2 protein chains.
Amino acid sequence: MASGEVASSATAKYLQIAADLAAQIKSGALAPGAIVPSEAELIQRYGVASGTVRKAVAELRTAQLIETYHGRGSFVRSRPPVQRKSADRFRRTHRQAGKAAYLAEAEASGGVPSVTVLFVGPTAAPPEIADRLGLPAGTQVLARKRRYFRDGVPTEEATSYLPWDVVKDIPEVFAENPGGGGIYARLEEHGHSLAEFTESVRARLATKPETKALTLSPGAPVIHLVRDAITTDGRVVEVCDTIMAADQFVLDYRFPARD
Amino acid sequence: MASGEVASSATAKYLQIAADLAAQIKSGALAPGAIVPSEAELIQRYGVASGTVRKAVAELRTAQLIETYHGRGSFVRSRPPVQRKSADRFRRTHRQAGKAAYLAEAEASGGVPSVTVLFVGPTAAPPEIADRLGLPAGTQVLARKRRYFRDGVPTEEATSYLPWDVVKDIPEVFAENPGGGGIYARLEEHGHSLAEFTESVRARLATKPETKALTLSPGAPVIHLVRDAITTDGRVVEVCDTIMAADQFVLDYRFPARD
DNA sequence: CAGTGGTCTAGACCACAAA
DNA sequence: TTGTGGTCTAGACCACTGG
């Protein structure tokens with residue numbers, strides 16, 4: 001046929017190609033970690049133009065089935081089992097046993113956890129954080145930003161914000177490693193007895209910086225979780241702002257059927 | 001320059017165009033609901049080829065800034081304020097006041113809620129559901145599938161699954177409208193006193209059918225929530241499987257700092 | 001009908017990675 | 001240097017929407 005040839009079938013060519021490759025992945029013919037045929041080869045195999053193959057590949061990428069690397073090739077994604085996050089991870093008994101929350105969690109999930117501290121120091125509180133802490137926006141607070149890995153793969157990035165008057169007498173929270181049980185253990189040792197936590201969960205697409213930080217494909221979804229730690233006095237002594245790779249986590253909650 | 005001209009600057013042309021349009025949207029120059037200049041006009045205005053403009057537009061779409069409609073044009077998204085979902089919506093006092101959960105919720109969020117019942121009837125329980133109900137996979141259960149709207153816009157689709165022996169004596173749950181307080185009120189009237197709920201939250205990209213059902217752009221994220229309703233006997237008497245448009249919701253949880 | 005976005009072609013050149 | 005994916009062109013035709 002002449003140039004300018006166009007799909008006349010029900011579904012677009014690029015979707016057919018994507019579906020074909022997806023079937024090969026699901027059937028195991030293309031195993032996790034395997035390299036996907038190059039675009040040049042797909043062009044030949046399916047007899048289409050480059051743009052069409054590229055759209056098919058883009059489709060597989062947003063479907064989280066493959067990852068593409070400039071200059072190297074495309075690879076079938078190996079989907080690590082998800083981590084379950086439940087409120088249990090903040091149990092005081094875990095803290096007293098010297099476990100930080102992420103470690104208490106990792107025990108049940110399998111996989112080797114690790115943390116990198118990206119920043120610890122004074123910061124001007126962003127508006128939403130300041131609001132939750134009950135402080136004027138821009139007030140100086142202590143920020144602790146860290147990135148969590150699982151089997152060496154970044155899965156989560158969290159920033160804790162603590163009011164300055166709370167932390168100024170707790171030297172450990174300025175250190176990279178705040179010691180056994182994490183910062184919540186340190187807060188309780190210094191008279192800030194924790195009564196409850198509140199969490200707000202949102203989901204959205206990753207921003208450009210987030211795709212870099214968590215090595216996500218563009219267009220990948222993230223879970224944005226903001227947690228307030230509240231003392232028995234009713235004061236919010238910490239706000240933790242977390243971005244998680246959505247495909248890595250299931251969040252579990254439990255609440256009573258109250259009157 | 002000759003044909004085959006190519007980006008040599010740091011960031012790609014299509015990203016520059018997308019950023020330019022995004023700035024116009026954020027500044028209000030392109031107001032919510034306004035029509036975005038047609039692709040043909042953007043081609044002229046920026047002096048690029050069609051493919052480049054289309055990639056820029058695709059970028060804005062995945063950034064949730066615009067919606068595109070075949071044959072009509074592209075429009076700046078009007079972001080309705082999000083709905084907050086908290087465990088409070090299941091309070092028994094709400095049920096006794098005759099309010100279903102979604103209504104109790106809508107009161108606080110603003111916007112006019114509505115529901116369409118898509119299906120009520122017997123179904124073979126899907127594996128994950130059967131597992132939660134403590135039944136063999138494929139057991140016949142009652143399914144209630146409905147779609148929720150807000151100001152006429154679909155936001156959420158939920159399917160409840162109930163064991164047959166629980167519902168067989170409760171005629172109201174087979175009706176489209178189960179009566180004041182919803183099915184939880186009916187369950188409690190028939191001796192199934194609810195003790196607690198558990199919810200599992202995941203986020204992922206919408207599937208093709210979900211984009212249709214919730215009128216989402218392709219590549220839009222959804223929240224997948226599965227809730228178990230548990231009686232004082234410890235039995236799971238309902239599993240509710242919900243898909244929500246991620247940009248419409250914030251989920252709030254609260255839990256004690258237990259020992 | 002004219003105008004819109006959606007798909008597709010058949011190339012080109014660029015940027016990156018590995019041998 | 002070779003091969004990979006990423007960007008871009010300058011068109012074409014198709015499918016949908018509205019007047």
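Scope of the values below: all heavy atoms of this structure, side chains included, with no hydrogens, waters or symmetry mates. A quick note: this is a predicted structure, and the numbers were derived from the prediction, not measured. Numbered from 1 within each chain, the chains take letters A, B, ... in sequence-line order.
- Rounding to whole angstrom units, CG of residue Leu15(A) and P of dC14(D) are separated by 19 Å.
- Rounding to whole angstrom units, NZ of residue Lys13(B) and C1' of dC13(C) are separated by 12 Å.
- With Glu210(B) as the fixed residue, the side-chain contact (heavy atoms from CB on, under 4.5 Å) test singles out one of His224(B), Arg204(B), Glu157(B): Arg204(B).
- Nucleotide dC8(C) holds its C1' atom 13 Å from the CD atom of Gln16(A), rounded to whole Å.
- Taking the side chain of Ser74(B) as heavy atoms from C-beta on, and the options dG5(D), dG6(D), dG5(C), the nearest nucleotide is dG5(C).
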Can you list the steps and then say if Tyr253(A) with Leu251(B) is a side-chain contact (heavy atoms from CB on, under 4.5 Å)? CA-CA 11 Å; Tyr253(A) 295 98; Leu251(B) 274 44; over 6 Å; no
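- With respect to the salt-bridge test (charged N to carboxylate O, under 4.0 angstrom), the residues Glu59(B) and Lys55(B) do not qualify.
- The stretch residues 33-54 of chain A touches DNA chain C through Val48(A), Ala49(A), Ser50(A), Thr52(A), each having a heavy atom within less than 4.0 Å of the strand.
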From CA spacing to verdict: side-chain contact (heavy atoms from CB on, under 4.5 Å), Ile66(B), Leu30(B): CA-CA 10 Å; Ile66(B) 65 171; Leu30(B) 280 172; over 6 Å; no
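- In terms of position on DNA chain C, the residue among Lys55(A) and Arg72(A) whose nearest nucleotide sits closer to the 5' end is Lys55(A).
- Using modelled atom types, no side-chain atom of Arg147(A) and backbone atom of Pro154(A) make a donor-acceptor pair closer than 3.5 Å.
- Contact between the side-chain N/O atoms of Tyr14(A) and the OP1/OP2 oxygens of dT7(C) is found at a separation under 4.0 Å.
- Mapped onto DNA chain D by nearest heavy atom, His70(B) and Thr68(A) fall at different nucleotides, with Thr68(A) at the one closer to the 5' end.
- Heavy-atom minimum distance, Leu142(A) versus Pro122(A): CD1-N, 4.3 Å.
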